[in-house]
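Quick notes on the structure that follows.
Lettering follows sequence order; numbering is per chain, from 1. Basis for what follows: all heavy atoms, side chains included, without hydrogens, waters or symmetry-related copies.
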There are 2 protein chains.
Amino acid sequence: MHISAKCSVAVHCLIFIYEYGEKAKVTSELLSRSTGINPVTIRNILSSLKKDGIIDVKSGTGGATLKCAPSEITLYRVWKAIEPDFLAKLIGVHSTPSELCPVGRNIHDVLDSTYQKIRDDLSSGLSSITLEDVLREYHGALEREDKSVF
Amino acid sequence: MHISAKCSVAVHCLIFIYEYGEKAKVTSELLSRSTGINPVTIRNILSSLKKDGIIDVKSGTGGATLKCAPSEITLYRVWKAIEPDFLAKLIGVHSTPSELCPVGRNIHDVLDSTYQKIRDDLSSGLSSITLEDVLREYHGALEREDKSVF
DNA sequence: ACCTCCTGTAAAATTTAGATTTACATCAAT
DNA sequence: ATTGATGTAAATCTAAATTTTACAGGAGGT
C-alpha cells in the first residue's frame, strides 16, 4: 500500500471511531470490514495512532475511542504517527547513483536542497487540515447522500 | 521504485545531459552507470521525456540532448511527463472501502476534496522549480567539492 | 475462576508491483 | 554491410508489503 493510502486508511478509521466510538465497540475486525484492509494491518495502524496519543484502544476488552478533540488532530500528525519519515519517502531520491560520476556523487545533496521547499509546503499543508475539517466534509457528503435517496 | 525516486532519476539524467550532452554521446548505457538504474528503465524514462519535448534522442546513432532551455523545464513538467497522474499516486486514497458502510461509501469523495488543496500546493511548488535552479544547486555542489580537495 | 473476546506482535506464506534480463526489429553513420 | 544505439515487448526475478496464521496477555462477564 502506498504510504498515502495507508494514511487515508488511518483517517478512515478516525472518522469511523469519531462516529461510532462512543456508542459501539469499534474493533479492528469492524474497521477491517469498513476499510477493506485486514485486521492485522488495522491493528498496526491503530497501534501507531495510539502511541501518538490520538486514540485510545482498550486492551483486553477492545474498542477504540478518540483521545483528542478533532480540531487538535492534524493530518500532519496522523501521517507522522503512521510513518515518521513520510516526507523523505514521499519526495525522495534514488539510492543507487555512482560515486564515480560527478552528477551521481552530488545528486543527493542537490535534490535534497531542491526538494526542501516542497517538503516544507507539504508539511504546512498537512498541518493546516484537521480531522474537524475532514468530518465537516464527511457530514456534508452524508447529507448529499440522504437527499439523493428521496 | 517510488515515483518520486523515478522522477529524481529523470532529473539526474537531465543534469547529466545538460553537462555532457553536447560534448559527448550520452547513451542509456552511460546514464545507467551514472544513476545505477538499468538501461531499459533509463530508455523508458528518456522516452517519456522525449515525448514531452524536453529532450531529443537520436535514434540509430544514439545520444540525448536537451531540447529546451533549462529555465523552461519545470519539475512539474518532468514529473508529469514521467507519470501523468503522479498527483493521485502521490496523495491517494485506498481503493478497497466497503460500500455497505457510510464511511466507506464516502471516504473517497471526502478525502479527494480534502486532498485537493495539498495537491494544488504540490503542483505549484513543483511548477516553481526549474532545471535552471537545480543546475545552480549542482554547480554550487561541484564548487564545494573542488574546494574540499585542497 | 473460567470462559470469551479482543489486542498486540511475531513469523511464515503469499501476493504483487516493478525492476531486470533477454531479445530483437529498426535506424543512422562509417 | 557492419556497428552501435534506440524502442519495445515478453519473460523472469526480486523485493517489499500484505495477508495469513498463531499465540501470549489483558479485561470483563458469568
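Taking atom CD1 of residue A/I42 and atom P of nucleotide D/dT20, one finds them 13 Å apart after rounding to whole Å. Going from atom CD1 of A/I45 over to atom C1' of D/dT18 covers 11 Å, rounded to whole Å.
Within the 6.0 Å centre-distance limit, the rings of A/F86 and A/Y76 are counted as a close aromatic pair.
Heavy atoms only, all atoms of each residue included: A/Y138 and B/V110 are closest at CA-CG2, 3.6 Å. Nearest heavy atom pair, residue B/G62 against residue B/K25, reads O-CD, 3.5 Å.
Contacts of residues 77-104 of chain A with DNA chain C (heavy atom under 4.0 Å): none.
Taking the side chain as every heavy atom from C-beta outward, B/I107 and A/S8 never approach each other to under 4.5 Å. With a 4.5 Å cut-off on side-chain heavy atoms, A/T35 and A/F16 do not count as touching. Inter-residue side-chain proximity for A/I118 and B/I129 is flagged as met; some heavy-atom pair is nearer than 4.5 Å.
Between A/H12 and B/H94, the ring-plane angle classifies as tilted under the 30° and 60° cut-offs.
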Polar pairs (N or O, both sides) under 3.5 Å between protein and nucleotides 2-9 of chain D?
unit_1	atom_1	unit_2	atom_2	d
D/dG4	N2	B/G60	O	2.7
D/dT6	OP1	B/S28	N	3.0
D/dT6	OP2	B/S28	OG	2.8
D/dG7	OP1	B/K50	NZ	2.4
D/dG7	N7	B/R43	NH1	2.7
D/dG7	O6	B/R43	NH1	2.9
D/dT8	OP2	B/S47	OG	3.3
D/dT8	O4	B/R43	NH1	3.3

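No chain of hydrophobic side-chain contacts below 4.5 Å, direct or via other Ile, Leu, Val, Met, Phe, Trp or Tyr residues, connects A/L46 to A/V40.
In 5' to 3' order, the nucleotides of DNA chain C bounding all contacts with chain B (an atom under 4.0 Å from a heavy atom) are C/dG18 to C/dA28.
The phosphate of D/dA17 has neither OP1 nor OP2 within less than 4.0 Å of any side-chain N or O from A/T41.
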Please lay out, stage by stage, how A/K89 and A/E83 fare under the test salt bridge (Lys or Arg N to Asp or Glu O under 4.0 Å). CA-CA 9 Å; A/K89 293 210 173 165; A/E83 182 64 59; 3.3 Å; yes
